[in-house]
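What follows is a short report on a single structure.
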Amino acid sequence: MSLGRRLSTPAVILAIALSVFLAGLLVWRSAQDTGSGGARGAPAASGAPKTSGTPSPGASPGQPEESGEPDGEGGPLDGTVVVLDPGHNPDNREHTREIARRVDAGTHRKECDTTGTATDSGYAEASFTLDVARRARTLLEGLGARVEFTHDGDRPYGPCVDERARAGNEAGADAVVSVHADGSGEGNRGFHVILPARVTEGSADTRRITGPSRRLGEHLVRSFSEATGSGPADYLGGSVAETGLTVRDDLGGLNLSRVPKVFLECGNMRDPREARRLSDPKWRQRAARGIAEGVEAFLLGERDGARSGAGDGA
């Protein structure tokens, strides 16, 4: 054999070995790619977490997830409108000619407004009613109600009784409470709620509101008594002493109302013992709580009645 053939044999062997090595390497690489889910750069196989345009909780620190839910729950009186009517006006006494003007009271004409009463020490009913109404407003707004006033000590006198009724009507109020204090004789004590009589005369037509107004009054009697410790008035006859309710057809604020409305006489300012209570800010806060709780009970009851299909009644 020649020298050239002898020298070529190792080269042939090396070439064959190299080919086998390269073929094995390719097979190994292919197996690795298949085990990892496919070719390099391809998405992970099913079972890996999927992503979308909405970040998942905790996926992006500092970016809260949009849940579509409200930030917090509303109060029980959300969607309701309450009008509070602070009786009289602290400045009425400076405008006696203006408040003496006669206006429509439904079944008749009467004075625009009066000065109201006061304690022997000079604490005016108008100051009392405004303070209690403001306190009640805070409580009712805390329950979710929208509260409007007929006035907030922001006008020189009034408003007149027809304007007070119109305020509740135009607001579409679910309940109106006119806050007052009585001016009876010494020794007469207690509170009472005045309801609208059933009248259909002149511009007065209370047929649709007498039923719900009575229910509002009944709730107020219970809640006001519990909150303040006061009892129904003892000087207006046995029925009032028993129920805390009386009915009148001479009040323009009730006659002209088209929404449930009552007057609350919180106590007798002319009796010394009662006057001390009405002059006490702590007691006035309790009075405000009694009003707010009574209005809340009424509105929730009316809402439940509407859901069950109960009528207003008369």
Side-chain angles (χ1 to χ4, degrees), residues 77 80-89 99 101-114 116 129-130 132-133 136-137 140 145-152 155 158-182 191-221 224 244-266 291-292 294-299 301-303 305-306 311-314:
L77 298 186
T80 63
V81 179
V82 178
V83 171
L84 296 178
D85 177 27
H88 312 288
N89 183 316
I99 65 173
R101 176 173 60 88
R102 291 186 172 269
V103 299
D104 181 29
T107 58
H108 59 291
R109 296 184 70 81
K110 67 180 298 182
E111 293 84 359
C112 159
D113 202 2
T114 67
T129 63
L130 195 55
V132 171
R137 173 174 58 191
L140 285 164
R146 190 179 94 230
V147 182
E148 298 186 11
F149 271 30
T150 57
H151 77 98
D152 198 0
R155 49 186 294 163
C160 298
V161 294
D162 56 339
E163 292 178 82
R164 292 172 185 266
R166 192 159 55 246
N169 297 342
E170 292 179 350
D174 298 290
V176 184
V177 178
S178 189
V179 184
H180 287 264
D182 209 357
F191 72 94
H192 63 284
V193 176
I194 305 173
L195 310 177
R198 187 181 178 94
V199 292
T200 54
E201 180 183 345
S203 56
D205 186 353
T206 62
R207 288 175 293 180
R208 292 180 60 85
I209 70 164
T210 52
S213 295
R214 175 170 286 273
R215 293 193 290 274
L216 171 59
E218 290 170 345
H219 283 294
L220 280 172
V221 168
F224 194 83
L245 302 172
T246 187
V247 179
R248 289 177 60 174
D249 62 4
D250 62 324
L251 298 175
L254 296 179
N255 288 348
L256 298 174
S257 183
R258 300 291 183 265
V259 294
K261 182 174 181 177
V262 299
F263 279 42
L264 171 61
E265 298 280 0
C266 297
I291 293 172
V295 170
E296 179 189 19
F298 166 72
L299 293 177
E302 295 299 291
R303 182 180 293 170
D312 281 349

Would a distance-only check, ignoring hydrogens and angles, find a side-chain to backbone donor-acceptor pair under 3.5 Å from [X] to [Y]?
{"X": "N255", "Y": "P196", "value": "no"}
{"X": "T200", "Y": "D205", "value": "no"}
{"X": "T206", "Y": "V199", "value": "yes"}
{"X": "N169", "Y": "L256", "value": "yes"}

Close side-chain approach of [X] to [Y], heavy-atom, < 4.5 Å:
{"X": "K110", "Y": "L251", "result": "yes"}
{"X": "E265", "Y": "T246", "result": "no"}
{"X": "D104", "Y": "R109", "result": "yes"}
{"X": "D249", "Y": "T107", "result": "no"}
{"X": "D182", "Y": "F191", "result": "no"}
{"X": "V83", "Y": "T150", "result": "yes"}

Atom of [X], atom of [Y] and distance for their closest heavy-atom approach:
{"X": "T210", "Y": "A197", "value": "CG2-O, 3.8 Å"}
{"X": "R258", "Y": "S203", "value": "NH2-O, 2.8 Å"}
{"X": "V295", "Y": "L220", "value": "N-CD2, 4.3 Å"}
{"X": "T80", "Y": "L77", "value": "OG1-O, 2.6 Å"}
{"X": "L299", "Y": "A175", "value": "CD2-CB, 4.2 Å"}
{"X": "P86", "Y": "A133", "value": "CG-CB, 3.8 Å"}

inquiry  = Run the salt bridge (charged side-chain N to carboxylate O under 4.0 Å, His left out) test on R164 and D113 for me, step by step, so that the C-alpha distance in whole Å, both residues' side-chain angles and the decisive distance to 0.1 Å come before the verdict.
reply    = CA-CA 10 Å; R164 292 172 185 266; D113 202 2; 3.2 Å; yes
request  = Before accepting this row, confirm whether a basic side-chain N of the pair E111/R101 lies closer than 4.0 Å to the acidic partner's carboxylate O.
outcome  =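 Judged by the 4.0 Å cut-off on N to carboxylate O distance, E111 and R101 do not form a salt bridge.
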ask   = Can you list the steps and then say if L264 with V179 is a side-chain contact (heavy atoms from CB on, under 4.5 Å)?
value = CA-CA 5 Å; L264 171 61; V179 184; 5.5 Å; no
[atom1] of [X] to [atom2] of [Y]: how many Å apart, nearest 0.5 Å?
{"X": "I209", "Y": "R214", "atom1": "CD1", "atom2": "CZ", "result": "12.5 Å"}
{"X": "R137", "Y": "R146", "atom1": "CZ", "atom2": "CZ", "result": "13.5 Å"}
{"X": "D85", "Y": "K261", "atom1": "CG", "atom2": "NZ", "result": "5.0 Å"}
{"X": "S257", "Y": "R166", "atom1": "OG", "atom2": "CZ", "result": "12.5 Å"}
{"X": "S178", "Y": "I194", "atom1": "OG", "atom2": "CD1", "result": "8.5 Å"}
{"X": "H151", "Y": "L130", "atom1": "NE2", "atom2": "CG", "result": "6.0 Å"}

request  = Would you mind telling me which of V147, V132, T129 makes a side-chain contact (heavy atoms from CB on, under 4.5 Å) with L84?
outcome  = V147
inquiry  = Applying side-chain contact (heavy atoms from CB on, under 4.5 Å) to V259 and D174, what does each step give before you reach the verdict?
reply    = CA-CA 7 Å; V259 294; D174 298 290; over 6 Å; no
message = Please verify the inter-ring angle class for H180 with H88; under 30° counts as parallel, over 60° as perpendicular, anything in between as tilted.
response =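 Judged by the thresholds at 30° and 60°, the geometry between H180 and H88 is perpendicular.
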